[in-house]
Every structure is written in structure tokens, then in C-alpha cells.
Amino acid sequence: MARPVRVKKSDPTRALAIVDGLEELYPEAHCELTFESPFQLLIATILSAQTTDVRVNMVTPKLFAKYGTPAKLAAATNKEIEPIIQSTGFFRNKAKNILGAARVLMDDFDGVVPRTMDELLTLPGVARKTANVVLGSAYGLNEGFVVDTHVMRLSQRLRFTKQLEPVKIERDLCELLPRDKWTKLGHQLIWHGRRVCFARKPACHECALAPHCPSAGKV
DNA sequence: ATCCCGAGGG
DNA sequence: CCCTCTGGAT
């Protein structure tokens, strides 16, 4: 027996009001990692796991001065890389991942960061979040939706989704929000998460989205 | 103590 | 699902 009724999705009209509000608040929202190539954004994004972009931007100039291309990074050793990225945390895993990613790029992709989700997912240290950052901010493609800690938190507070798993949240966001704005909206949600909708004590009293937010004053 | 533009393995 | 890897800021 087929399930007779679908639950109504999150109200698309309310969602679009929030989209407009975010555009008004953060028309300039963009990726705040510093990079000069798709490769450098890929590496910076791998390094950004569980740390702030400010911290990543403190180590990447030194890293990219010597190892700013796939060929150069692929030829490096863990011992050379680890001290440079140490302050970003998880530095042994991250060193292994960025070296491994550089080597896969050389071996399988002619040293060019690929432009598809499936190909990006073959790189060590790269899952959907990192792949979506590269596709969106290095290549300008709206292939998916970046779901990081901020996007996850805001999506739940704004009731864009009730899911807890990032991949399910991404699916809901893609169904609900206009595709041509996925990348920009990701940045805008992150900016709002940093500036107003804090993890611990969100500033609902000064939030322009509060009229549209089911969680306003309740967190 | 909790959080930060996570990923991989059990 | 859970856990671990890891450091710095608040």
C-alpha cells in the first residue's frame, strides 16, 4: 500500500522571504578563505575542518609559497607540511589528506582540480561539503549546497529542514531553494551564522530574519 | 566547557 | 548512528 499523503514541505513562500532578506543583509557574501586557484581553494577547504577560516588564512600563505601547485605539494613530505599547518588542528590527518589529494590530482586528473562531484569525492579528505565549496566558489557551479556547521544550524532553526544528517539537509535545501542561488545562499547563511545566529546565544533581538523564523526567541 | 565553512572509519 | 583526530578562541 502506498503511503497516501505527503507531508507538506517547508513553506516555500516563507523560504523565499528569507532568501530576499539574506540578499538585503549580505549582498556581498562570499568565500572568506584566501586562494589564487581552484587547487588552493581545495587545499584551504580541507584545512578548514573544525577551525576558523581566519586560522586557515594564517597558514596558507606560507604553505602556498612553497607548495602552491599540485605538482609541488605532491612531492612534499608529511614532515615538511605538518609544522606549517599545525595550528589548524587535526594536522596529521590534514597533512596526509592534502598530500594524498595532490597525488591523486597528479595521478588521475593531470594536475587539474576536477569539476564534478563524483570526481572530487575520489580525493582523500574531500566529502560533499568540501566538494561543494570548490564547485561553487572556484568554478561558479551550483551543483549542490554547502552544508557546514552554520548552514546546518540555521537550516534547522529556520525550519528549512528537520533532518539532522548533512546529506539529507542538503537534499531538502536543494528542493526548497532556487538553484541559481545555492552558492550565494550558502555564503549568506554562513555570514549570518557568524554575525547574528550564533550557535550558543543567537541574537534574535537584532535579527532581521526573526519575523520569518520559527525559532526566534526560542533557542 | 563549547565552538569553529569535516572526514573517515567502526 | 557513533567515535576519533586536533588546536585555538571565547
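In what follows, chains are A, B, ... by sequence order, proteins preceding strands, each numbered from 1.
- Atoms CD (A:Glu170) and P (B:dG6) sit 14 Å apart, rounded to a whole Å.
- Contact annotation: the side chain of A:Leu42 never approaches that of A:Thr45 to less than 4.5 Å [non-hydrogen atoms, C-beta and beyond].
- Spacing between B:dG10 and C:dT6 at atom P, rounded to whole Å, works out to 16 Å.
- The CD1 atom of A:Ile98 sits 20 Å away from the P atom of C:dC5 (whole-angstrom rounding).
- Looking at which nucleotide of DNA chain C each of A:Gln50 and A:Arg200 is closest to, the 5′-most match is held by A:Gln50.
- Atom pair A:Leu47:CG and C:dC5:P shows a separation of 19 Å (rounding to whole Å applied).
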Take A:Ser87 and A:Met58, measure what side chain to side chain contact (heavy atoms under 4.5 Å, CB included) needs, and give me the verdict at the end.
-> CA-CA 9 Å; A:Ser87 70; A:Met58 289 169 63; 5.8 Å; no
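- In this structure, A:Met58 atom CE and B:dC4 atom P are separated by 19 Å, rounded to whole Å.
- In this structure, the NZ atom of A:Lys201 is 14 Å from the P atom of B:dC3, given to the nearest Å.
- Taking atom CZ on A:Phe35 and atom C1' on B:dC5, their separation rounds to 13 Å, with Å as the unit.
- Nearest-nucleotide assignment on DNA chain B puts the 5′-proximal partner with A:Glu32, out of A:Glu32 and A:Leu121.
- Here A:Phe90 does not pack flat against the base of C:dG7, since the 5.5 angstrom centre distance and 30 degree tilt limits are not both met.
- Between A:Trp191 and A:Tyr26, the ring planes are perpendicular. Angles over 60° get that label, and only those under 30° would be called parallel.
- Between A:Thr130 and the phosphate of B:dA7, there is a side-chain N or O to OP1/OP2 separation shorter than 4.0 Å.
- Relative to the side chain of A:Asp148, the nucleotides C:dG8, B:dC5, B:dC4 differ in distance, and B:dC5 lies closest.
- Heavy-atom minimum distance, A:Val56 versus A:Thr51: CG2-CG2, 3.7 Å.
- Considering only side-chain atoms of A:Phe91, the nucleotide from C:dT6, B:dC5, C:dC1 that sits closest is C:dT6.
- What separates CG of A:Leu120 from C1' of B:dG6 is a distance of 15 Å, to the nearest Å.
- Checked for salt-bridge contact, A:Glu23 and A:Lys184 meet the test: a charged N lies under 4.0 Å from a carboxylate O.
- Nucleotides C:dA9 and B:dA7 are separated by 23 Å at their C1' atoms, to the nearest Å.
- Heavy-atom distances to DNA chain B give each of A:Ala127 and A:Phe198 a nearest nucleotide, and the one nearer the 5′ end belongs to A:Phe198.
- Comparing B:dC5 with C:dT4, their P atoms are spaced 24 Å from each other, to the whole Å.
- The phosphate of B:dC4 (OP1 or OP2) has a side-chain N or O of A:His150 nearer than 4.0 angstrom.
- Nucleotides of DNA chain C nearest to A:Ser87 and A:Lys168 differ in position, and the one nearer the 5' end is that of A:Lys168.
- Across the C1' atoms, B:dC4 and C:dC1 are found 23 Å apart, a figure rounded to whole Å.
- Distance CD1 (A:Ile169) to P (B:dG6): 13 Å, rounded to an integer number of Å.
- Nucleic acid contact class of A:Val147 (heavy atoms, under 4.0 Å, all strands): none.
- Between B:dC4 and A:Arg153, a contact under 4.0 Å exists linking OP1 or OP2 to a side-chain N or O.
- Put simply, the residue from A:His30, A:His187, A:Glu32 that forms a side-chain contact (heavy atoms from CB on, under 4.5 Å) with A:Ser137 is A:His187.
- The listed nucleotides are B:dC4, C:dT6, C:dA9; the one nearest the side chain of A:Arg55 is C:dA9.
- Residue-level contact check: A:Pro166 touches neither bases nor backbone, having no heavy atom under 4.0 Å from any strand.
- Proximity of A:Thr51 to the phosphate of C:dG7: no side-chain N or O atom is located under 4.0 Å from OP1 or OP2.
- The residue A:Arg194 sits close to a base: some heavy atom pair falls under 4.0 Å.
- Counting non-hydrogen atoms of neighbouring residues, nucleotides and ligands closer than 6.0 angstrom, the CG atom of A:Asp110 reaches no more than 12 such neighbours.
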